[in-house]
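Here's the structure, in structure tokens; my notes come after.
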Amino acid sequence: MTARIIDGNALSARVRGEIAERATALTARGVQPCLAVILVGENPASAVYVRNKVSACEKAGIRSLRLDYPADVSPEVVMARLAELNADPSVHGILVQLPLPKQFDEAAVLEAISVTKDVDGFHAENVGRLSQNQEAFLPCTPHGVMKMFEAEGVDLAGVEAVVIGRSNIVGKPMAMLLTNAGATVTVCHSKTRDLNFHTRRADILVAAIGKPRFVTGDMVKPGATVIDVGINRLPDGKLCGDVDFESAKTVAGLITPVPGGVGPMTITMLLENTVISADRAARAAGK
Ligand code: NAP
């Protein structure tokens, strides 16, 4: 068997087209969606992520406000700017690129972003709302994975889903979204005994580990849907996922590649959240 490949680039292009139309319509109503992006320090990976986010905004007709601070900036300066952005009605989404330098309390910074502008979905209130299956800004990476299931017609009700990874940005919210959608979910991590026992019975297997080609074909149930969230840089500079694509694709039914799978969907969902926030602001202002 050779798995069908889920094309994250194609899905992302389609969804971004729809987002651009919504942004144009909002701008015509006098509310151009605007995302503020804060970058502290010179972490090269973070700089690339921020550049990609700002450029995706421009292409979708979303205004971006990029705010760069030196690595030794005092947290008070950034907190004061966050308060201004929270109060600015022309700003609809605020994102602080993580990780932050060690003088920052990351949780406190995330809490300082207004819940209504928390387009990354990391604020504790949005996380709580997600866990209660209430409307919330959803974290972009797992939300992008859910969009992929929807686009591919993957039925989640009653399926066995296994998520490897329990981080706050991917693993845990992924497990909550799958639970809310009716899957029976197992979350595995570095302390899990007999990981293969769990992965081999998964109808849906999501890998969010951060270890290149960790999930091999012998760990996959025949016909399973395999979602590779991992982005790992190899010594030769190439990118690879947490799944050994070559062996897994001979067993799986559906699989995401790296690059070109989950990655492009993450930024797409950030744009969508920004447009949703701008739409709410426009309605609240009677526009
Ligand atoms: P993370 O915070 O480092 O979490 C990794 C998780 O994997 C942890 O829960 C860890 O378990 C678990 N793990 C590590 N070794 C394991 C093992 N041998 N067996 C089972 N579980 C193991 O990473 P993250 O932020 O969730 O990111 C995961 C990957 O996704 C990374 O490659 C990252 O670059 C990528 N990523 C991609 C996107 C995207 O847009 N596509 C977005 C975010 C992240 P413990 O909790 O026990 O330590």
Side-chain angles (χ1 to χ4, degrees), residues 3-19 22 53 56 60 93 95 118-123 126-188 199 202-209 215 224-231 241-243 252-277 279:
R4 189 154 58 81
I5 294 168
I6 305 178
D7 185 344
N9 284 326
L11 177 59
S12 179
R14 199 181 80 213
V15 179
R16 285 189 202 192
E18 292 161 9
I19 291 167
R22 290 167 71 185
K53 287 168 189 175
L95 177 158
D118 172 39
V119 285
D120 252 343
F122 294 158
H123 191 290
N126 276 317
V127 177
R129 293 178 69 82
L130 166 60
S131 80
Q132 294 179 347
N133 201 10
Q134 295 178 35
E135 194 176 315
F137 281 124
L138 302 176
C140 300
T141 301
H143 189 195
V145 174
M146 296 302 281
K147 271 266 192 228
M148 287 179 145
F149 292 142
E150 190 189 312
E152 294 293 331
V154 176
D155 190 5
L156 298 173
V159 303
E160 291 288 338
V162 170
V163 179
I164 315 177
R166 55 172 165 174
S167 71
N168 288 337
I169 63 166
V170 188
K172 277 188 216 160
M174 186 75 253
M176 284 196 271
L177 284 165
L178 286 164
T179 303
N180 291 346
T184 302
V185 183
T186 303
V187 181
C188 299
T199 63
D203 302 307
I204 290 179
L205 180 59
V206 181
I209 311 159
V215 174
T225 296
V226 177
I227 304 292
D228 189 352
V229 177
I231 301 179
D242 290 346
V243 175
L254 262 179
I255 191 166
T256 61
V258 176
V262 175
M265 290 304 291
T266 297
I267 293 186
T268 301
M269 302 326 292
L270 174 69
L271 303 179
E272 185 174 277
N273 279 348
T274 305
V275 166
I276 289 171
S277 180
D279 186 54

Under 3.5 Å, side-chain donor or acceptor atoms of residues 130-140 against the rest of the protein: list the pairs with distances, not counting sequence neighbours.
residue	atom	partner	partner atom	Å
Ser131	OG	Gly128	O	2.8
Gln132	OE1	Gln134	NE2	2.5
Asn133	OD1	Asn180	ND2	3.4
Gln134	OE1	Arg129	NH1	3.3
Glu135	OE2	Arg280	NH2	2.8

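To the nearest 0.5 Å, the span separating OG1 on Thr141 from CG on Leu270 amounts to 10.0 Å. Atoms CE and OG1, from Met265 and Thr256 in turn, are 11.5 Å apart once rounded to the nearest 0.5 Å. In this structure, CD on Glu18 lies 6.0 Å from CZ on Arg14, to the nearest 0.5 angstrom. Between Phe122 atom CZ and Ile169 atom CD1 the span is 5.0 Å, to the nearest 0.5 Å.
Side-chain contact check for Thr268 versus Ile19: some heavy-atom pair is nearer than 4.5 Å. Taking 4.5 Å as the limit, some side-chain heavy atom of Ile5 sits within range of a side-chain heavy atom of Ile255. Taking 4.5 Å as the limit, every side-chain heavy atom of Phe149 sits out of range of all side-chain heavy atoms of Asp155. Side-chain contact between Val226 and Leu254: absent, with no pair of heavy atoms (C-beta onward) separated by less than 4.5 Å. For the pair Ser167 and Val170, the minimum side-chain heavy-atom distance is below 4.5 Å. Side-chain atoms of Arg4 and Glu152, non-hydrogen and from C-beta on, do get closer than 4.5 Å to each other. Within the 4.5 Å cutoff, side-chain heavy atoms of Val262 are placed close to those of Val145. Annotation: side chain of Thr266 is not in contact with side chain of Val229 (no heavy-atom distance under 4.5 Å).
Between Leu178 and Ala161, the closest heavy-atom pair is CD1-CB, 4.0 Å. Closest heavy-atom contact between Gly158 and Thr184: O-OG1, 4.4 Å. The two residues Arg16 and Ala56 have their closest heavy-atom pair at NH1-CB, 3.6 Å. Residues Gly8 and Met148 share a closest heavy-atom pair of CA-CE, 3.7 Å. The nearest pair of heavy atoms linking Ala202 to Leu205 is CB-CB, 4.2 Å. Taking every heavy atom of both residues into account, Met146 and Leu177 meet most closely at CE-O, 3.6 Å.
Sorted by first then second residue, the salt bridge (Lys or Arg N to Asp or Glu O under 4.0 Å) pairs that include residues 262-274, not counting sequence neighbours, are Lys147-Glu272. Sorted by first and then second residue, the salt bridge (Lys or Arg N to Asp or Glu O under 4.0 Å) pairs with a member in residues 157-170 read Glu160-Arg201; sequence neighbours excluded. Sorted by first and then second residue, the salt bridge (Lys or Arg N to Asp or Glu O under 4.0 Å) pairs involving residues 176-186 (not counting sequence neighbours) form an empty list.
Screening Val127, Asn273, Asn126 against Asp118 for a side-chain contact (heavy atoms from CB on, under 4.5 Å) leaves a single residue, Asn126.
A donor-acceptor contact shorter than 3.5 Å links the side chain of Asp242 to the backbone of Ile209.
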Assess whether side-chain contact (heavy atoms from CB on, under 4.5 Å) is satisfied between Ile204 and Val162, documenting all intermediate values. CA-CA 6 Å; Ile204 290 179; Val162 170; over 6 Å; no

Could you walk me through whether Val206 and Ile164 pass side-chain contact (heavy atoms from CB on, under 4.5 Å), step by step? CA-CA 6 Å; Val206 181; Ile164 315 177; over 6 Å; no

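In this view, Asn9 and Asp7, Pro264 satisfy the side chain to side chain contact (heavy atoms under 4.5 Å, CB included) rule, not counting sequence neighbours. Residues forming a side chain to side chain contact (heavy atoms under 4.5 Å, CB included) with Val258 (at least two apart in sequence, or on another chain): Asp228.
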